[in-house]
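What you see is a predicted model; the values in this text were computed from it and never measured. We count ligands from 1, going down the list as the structure has it; atoms in each ligand are counted the same way.
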Amino acid sequence: MQPGVRACVPTLLGQTTLSLIWRGCLSNVQNMPVRSFSCLPRKMSRWNSRDTCSPLPPQENPRVLITGDPSFFLKQYGTENVILSDIKKPPPNVYSSGPFVYADVLDYKHLRELIINNRITWLVHYSALLSAVGEANVALARKINITGLHNVLDLALEHCLRLFVPSTIGAFGPSSPRDPAPDLCVQRPRTIYGVSKVHGELMGEYLHHKYGLDFRCLRYPGVISVNTPPGGGTTDYAVQIFHDALSTGHHVCYLRPDTRLPMMHISDCHRATIEFMQSPECQLSLRTYNIAAMSFTPEEVAQEIRKHLPHLKVTYNPDSVRQTIADSWPIRFDDSNARRDWGWAPAFGLEELVADMLRSVREKRTDEGLPVR
Ligand code: AKB
């Protein structure tokens, strides 16, 4: 990519705003980093200014590019405004839900082409290797989770995009306070996944403070969803147990029965993400927030499932890698800043989560012609 100045021109803004931005962008061209960030100085548009924060800025009609496959933005903003991307063939329900393109987060030029050709204003970056699979392939995790993230950060800055990057309970380590873990504390994770997430949090915040990048990051608990199959995470058991409960009736858990971790129903996670992305900047005292809903152990979730399926059998066969990871993560999240700043409140507790997951997994298995207990 050529060094030089590029202008910050968010496409959804009108002429007056545009000229304000233009002046802002060109007023500080010295000290330009090599990949020529265009949104200098800080406060790259009036929507980023604390003095002029408006509850309904034009960015509420964003054009969104998503790396990784979460399709929930489609529902909120419509198929004409959202493009999903991945390097994997999407499942039929994702493919048929709206525009889907091949995009590799390691291919900077292709991502840039997608952003320009589709007049993207929000970039939502989900591509990452999770905790357990990352430990099995550290080099790949470093590439996807760190090099991929750098591409996305540079592109967001270059094109003045609002950028969302999820972080996780995995961004904490054994020396962090565990019950609860606050937003700001010691973070010394012991996985490449956690290290890359802390790196992402810090890089995003740095670029926000230095250049005005509209970086937003939520630390997710373990997310429980019927549509996202277990994908190499440490919290995966809490999804698998529902499938096992309704198929064989027997779950073999790779964690000890008393391993308590923060968890969240997928619909709360989606709602939190959309609400956070829509929050006016003036409400955000942080750029990275914990969000919480509930914390449970394998034994507690099994007990709740047994209220519906009394014959569920669970045996415990702790896996040393995943158990060590889980033991280093927070037991509970303190999300009081998210609640205070932008009104975060979860809707699902353990009881509601279990009832909903059993209903959804039953429906899915029935649709797929699979037997259900
Ligand atoms: C994992 O277990 O790796 C993820 C996470 C908690 O970030 N689900």
task: Please name all residues satisfying ring-ring contact (aromatic ring centres under 6.0 Å, His included) with His251, sequence neighbours left out, ordered by chain then number.
output: none
- line: Within the 4.0 Å heavy-atom cut-off around ligand 1, the contacting residues, ordered by chain and number, are Leu130, Ser131, Thr168, Ile169, Tyr193, Gly233, Thr234, Thr235, Trp329
query: Does the distance from a Lys or Arg side-chain N to an Asp or Glu carboxylate O, for Asp356 and Arg359, drop under 4.0 Å?
result: yes
- prompt: When you measure from the side chain of Arg365 to the backbone N and O of Leu370, does any donor-acceptor pair fall under 3.5 Å?
  reply: no
query: What pair of heavy atoms forms the shortest contact from Gly232 to Leu130, and how long is it?
result: O-CB, 3.6 Å
message: What I want to check is whether the side chains of His270 and His265 have a donor and an acceptor closer together than 3.5 Å.
response: no
Axial cation check for Phe215 ring with Arg287, 6.0 Å and 45° limits: no
